[in-house]
Structure formats: C-alpha cells, structure tokens
Amino acid sequence: MKRKLKLFLAAFLGLLLLLSGCSSKSQEQNTDSKTTTTKTTTPFSIVETNSINLKNIRGIGYPGNDHALYIAGNDGLKIYKDKKWYKTTTNQHDYIGFQPIETGFIASGHPQKGTGFKDPFGLIKSVDKGKTLQKLAFYNQANFHFTAASYSGIGLYVIGEEQSDSLSLGVNYSTDNGKTWKKSEMQNFDANSMGMIAVHPTNGNTIAMSTKSGIYLSTDNGNTMKRITDPIMVTAVTFAGNSILYSSVENESIFIKLIDPLTGKLTNLPIPFLDYENPITYLAVNQKNTNQLAFSTYNNDVYESTDGGKTWNNLLSVGKK
C-alpha cells in the first residue's frame with residue numbers, strides 16, 4: 001500500500017500539498033538520457049515581450065549559462081535581462097521544481113501539448129535555455145514538486161511524495177546525475193513536515209530545508225540534520241555562497257535574513273513591505289554575483305536587488321508587467 005508524506009508547501013503557509021491535477025505514475029526509474037527537441041512547427045527562439053501575465057510561479061533563479069533572471073511559470077520560461085522581458089516561442093512547459101545550475105537548469109513538471117514530450121517529465125535538464133531537454137530520471141513516470149540541485153550540478157535531491165519500489169518516502173538523493181538514488185535518513189529531524197530544499201552551490205552533500213519550525217542543515221546528504229534557527233516558519237531558502245538566505249514569517253511580519261551556518265550570525269535585509277498574507281515563495285541568488293538577489297511572493301510579485309538587498313526593484317506586480 002502506498003503511503004503519502006506530509007509536505008510543507010511554502011506558497012500555502014504550511015497547508016498540505018494538494019496533488020489534484022498532477023499525474024504521478026509509479027516511480028520506476030527511466031534511465032533514457034537522450035535529448036528531446038520540440039515536434040511543433042514553431043521554431044524555438046527567445047523573443048522580447050512587452051507583456052507578462054503570470055498566473056503561477058514555479059521557481060526562479062539565475063542559470064550560469066546566461067546573465068538573466070529566469071522565472072518558471074505554468075506556461076514556460078520568462079526571462080528578465082538588461083531591463084527587458086523575454087519569453088520562449090515554444091517549449092512553454094509547466095516547469096515545477098525549477099532549479100538553476102551552472103550549465104543551465106533542472107526541473108520537473110508537465111510538457112506543453114503538441115511538443116512531443118511525454119507527461120510527466122520526471123527530472124529533466126536543459127543546457128540551452130529550454131530548447132532541448134535531457135532526461136535524467138523517472139521520465140514519463142513521476143513528477144516532483146520538491147526538487148533541489150547544487151549549482152555545480154553535483155548533488156540532486158527530490159522528495160518522494162509516495163512510497164514506491166524505486167524511491168523512498170521522503171528525501172532521496174543522487175550523486176551520479178540521477179542514475180541511482182539513496183534515501184536520506186533524516187536523523188534528528190523533528191519537524192512535523194518537510195519543505196523546500198536548498199543545496200550548497202559547490203558541495204552537493206550540504207543541504208538546508210525550510211520547515212514550519214525553522215531551517216534544518218545537513219552536511220551528509222540529509223542523513224543527519226540539525227536545526228540552525230529559532231523554531232519559526234520559514235517559507236523560502238537558498239544558498240548565497242556558504243551562507244543561507246531565507247525568508248521567515250514572524251509575528252505577522254515577513255523577513256529576509258542571511259545566516260552563517262558555522263557561526264550562527266544573522267543579518268536582516270531590508271525589504272519592501274509585504275502583507276502577511278503575501279509571503280515570499282522563492283528566493284534566488286546569482287552565484288556568479290551574490291549581490292544580485294531576487295524573490296517572488298504568493299501573489300506573484302517579483303523583486304530584484306543588485307546591491308545585496310539594500311534596495312529592491314519591483315519587476316512584476318501580481319504576475320503582471
């Protein structure tokens with residue numbers, strides 16, 4: 001009998017993840033690593049657009065093969081570069097669990113209809129801004145709302161939402177690009193739900209997890225965990241070099257903080273006012289320039305800073321430009 005796992009979805013402030021509308025076949029691993037290109041008659045290109053209207057933001061980040069902020073929506077990638085917005089002409093997939101890496105990005109999700117891809121994606125990777133997709137694992141078998149990857153590309157993590165023959169319930173990790181998977185033992189983890197995972201940019205063994213009761217840190221692939229913050233609700237987390245950037249909700253106020261996991265030193269970053277019911281859902285740091293930061297909110301607002309969080313520019317309001 002399959003068992004299901006309690007997950008903390010930051011965007012919904014700790015409500016259980018609703019799986020309705022998301023297909024999830026038995027999670028048998030598919031090791032087909034061939035690259036698939038679109039089968040539509042529309043050629044793939046990235047074009048400037050004067051209008052953005054995002055209904056759902058699935059992830060944000062700065063892939064290392066571009067100098068731009070990428071936003072994964074339910075209708076493909078939106079790209080902000082040099083104060084202009086861009087979109088793709090095809091391969092407008094519903095990317096879930098979007099993770100920027102040095103060579104491109106990793107994601108899960110559902111394909112755009114008519115592009116020749118099978119649903120669901122499992123784990124896929126692109127090194128050419130979404131033109132082609134490489135199948136890493138579980139292609140046409142499973143979907144992962146909670147994925148994580150080191151910026152270096154070494155160290156992949158997924159949360160298995162159901163028990164299966166090939167993935168354990170809870171955190172699973174791969175150190176060989178998705179070929180084989182092991183279960184994280186999660187010793188000393190005493191939160192009542194699991195949440196977003198962030199992976200150290202160069203050390204794939206080190207992860208941080210946001211939960212309703214703080215951030216848990218592991219230096220051994222999640223096999224042992226230690227809480228490194230007060231027991232507060234943390235809705236988003238990412239690494240900024242060796243430090244951890246996170247957003248918390250405390251006393252009906254929203255914060256962005258930077259913590260040094262070795263010393264515990266905390267730094268509060270000033271941010272624009274956000275209503276308590278509009279928490280931060282995703283955080284991003286440009287690993288090539290850690291002064292460049294971005295965040296999105298539950299209401300699909302997007303802000304970016306180029307000075308380490310001292311000032312912020314509003315790029316999208318309620319998903320619109």
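Note that the structure is a prediction, hence the values are computed from the model and not measured. FYI, side chains are in, hydrogens and waters are out, and symmetry mates aren't considered; it's all heavy atoms of this structure. We're numbering straight along the sequence, starting at 1.
- Between the side chains of Asn299 and Thr297, no donor-acceptor pair is found at a separation under 3.5 Å.
- Contact check for Leu136 versus Leu156: side-chain heavy atoms found under the 4.5 Å cut-off.
- Screening Tyr282, Tyr246, Trp312 for a ring-ring contact (aromatic ring centres under 6.0 Å, His included) involving Phe295 leaves a single residue, Trp312.
- Rounded to the nearest 0.5 Å, atoms CG (Leu217) and NE2 (His200) are 9.5 Å apart.
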Worked verdict on Asp75 versus Lys78 for salt bridge (charged side-chain N to carboxylate O under 4.0 Å, His left out): CA-CA 9 Å; Asp75 60 349; Lys78 306 297 184 287; 3.1 Å; yes

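- Hydrophobic clustering (side-chain heavy atoms under 4.5 Å, transitive across Ile, Leu, Val, Met, Phe, Trp, Tyr) keeps Ile154 apart from Ile124.
- Residues that satisfy the salt bridge (Lys or Arg N to Asp or Glu O under 4.0 Å) test with Lys125, not counting sequence neighbours, are absent from this structure.
- For the pair Thr147 (side chain) and Phe144 (backbone), a donor-acceptor distance under 3.5 Å is absent.
- For the residue pair Tyr173/Asn205, the side-chain donor-acceptor check at 3.5 Å is not satisfied.
- Of all heavy-atom pairs spanning Pro201 and Ser150, the tightest one is O-OG, 2.8 Å.
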Test log, rule side chain to side chain contact (heavy atoms under 4.5 Å, CB included), inputs Met194 and Met186: CA-CA 11 Å; Met194 295 183 182; Met186 304 288 286; 3.9 Å; yes

Asn223/Glu185 under side-chain hydrogen bond (donor to acceptor under 3.5 Å, both in side chains): CA gap, chis, key distance, verdict: CA-CA 4 Å; Asn223 287 304; Glu185 296 302 325; over 6 Å; no

Full working for side chain to side chain contact (heavy atoms under 4.5 Å, CB included) between Val158 and Leu167: CA-CA 9 Å; Val158 299; Leu167 274 185; 4.0 Å; yes

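- A distance-only check finds no donor-acceptor pair linking the side chain of Thr90 to the backbone of Thr42 [under 3.5 Å].
- Annotation for Gly241 and Thr290: closest pair N-CG2, 4.3 Å, computed over non-hydrogen atoms.
- Only one option out of Ile244, Asp220, Thr219 pairs with Thr206 in a side chain to side chain contact (heavy atoms under 4.5 Å, CB included); it is Thr219.
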Verdict with reasoning, Leu293 to Leu283, per side chain to side chain contact (heavy atoms under 4.5 Å, CB included): CA-CA 8 Å; Leu293 318 171; Leu283 284 162; over 6 Å; no

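- Screening Asn221, Val171, Asn172 against Lys183 for a side chain to side chain contact (heavy atoms under 4.5 Å, CB included) leaves a single residue, Asn172.
- Taking the six-membered ring for Trp and thresholds of 30 and 60 degrees, Phe98 and Tyr70 have nearly parallel ring planes, at less than 30 degrees apart.
- Annotation for Lys81: atom NZ counts as buried by contact number, over 12 foreign heavy atoms lying within 6.0 Å.
- Nearest heavy-atom pair, Lys288 versus Tyr151, reported as atom, atom and distance to 0.1 Å: CG-OH, 3.5 Å.
- When each of Leu316, Asn314, Ile271 is paired with Tyr303, the side chain to side chain contact (heavy atoms under 4.5 Å, CB included) condition holds for Asn314 and for no other.
- Residues that satisfy the salt bridge (Lys or Arg N to Asp or Glu O under 4.0 Å) test with Asp301, not counting sequence neighbours, are absent from this structure.
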Side chain to side chain contact (heavy atoms under 4.5 Å, CB included) between Glu277 and Tyr298, intermediate numbers included: CA-CA 8 Å; Glu277 295 181 352; Tyr298 175 74; over 6 Å; no

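- The closest side-chain donor-acceptor pair between Ser51 and Thr49, if any, does not fall under 3.5 angstrom.
- Residues Gly104 and Pro63 share a closest heavy-atom pair of O-CB, 3.2 Å.
- Ser152 and Thr202 are not linked by any side-chain donor-acceptor pair at a separation below 3.5 angstrom, with hydrogens and angles left out of the test.
- Taking hydrophobic clusters as Ile, Leu, Val, Met, Phe, Trp and Tyr residues chained together by side-chain heavy-atom distances below 4.5 Å, Leu133 shares a cluster with Ile46.
- Taking the centre of each ring, Phe121 and His110 stay at or above the 6.0 Å mark.
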side-chain hydrogen bond (donor to acceptor under 3.5 Å, both in side chains) evaluation trace for Asn177 with Ser174: CA-CA 6 Å; Asn177 209 34; Ser174 173; over 6 Å; no

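- In this structure, Ser193 and Lys212 approach most closely via the heavy-atom pair OG-CE, 3.4 Å.
- When hydrophobic clusters are built by joining Ile, Leu, Val, Met, Phe, Trp and Tyr residues whose side-chain heavy atoms come closer than 4.5 Å, directly or via intermediates, Leu266 is grouped together with Ile232.
- Side-chain contact between Val249 and Val234: absent, with no pair of heavy atoms (C-beta onward) separated by less than 4.5 Å.
- Checking side-chain atoms of Asn289 against main-chain N and O of Asn291 turns up a donor-acceptor pair under 3.5 Å.
- Within the 4.5 Å cutoff, the side chain of Val47 has heavy atoms near those of the Lys87 side chain.
- Counting only heavy atoms from C-beta outward, the side chains of Glu304 and Tyr80 approach each other to under 4.5 Å.
- Residues Tyr95 and Ile71 have side chains not in contact (no heavy-atom distance under 4.5 Å, counting atoms from C-beta outward).
- Residues Trp85 and Lys321 have side chains in contact (heavy-atom distance under 4.5 Å, counting atoms from C-beta outward).
- Taking 4.5 Å as the limit, every side-chain heavy atom of Asn188 sits out of range of all side-chain heavy atoms of Lys226.
- No continuous path of hydrophobic side-chain contacts links Phe255 to Met196 [ILVMFWY only; heavy atoms under 4.5 Å].
- Nearest heavy-atom pair, Gln112 versus His93, reported as atom, atom and distance to 0.1 Å: N-ND1, 2.8 Å.
- Side chain of Ser218 to backbone of Thr224: a donor-acceptor contact under 3.5 angstrom is found.
- Residues in residues 253-271 take part in these salt bridge (Lys or Arg N to Asp or Glu O under 4.0 Å) pairs, two or more places apart or across chains: Glu250-Lys257.
- Looking only at distances, no side-chain donor or acceptor of Thr235 sits under 3.5 Å from a matching main-chain atom of Thr281.
- A side-chain donor from one of Asp128 and Ser126 sits under 3.5 Å from a side-chain acceptor of the other.
- Tyr157 and Trp181 have their aromatic ring centers separated by at least 6.0 angstrom.
- A 4.5 Å side-chain heavy-atom check between Thr211 and Phe189 finds at least one atom pair inside the cut-off.
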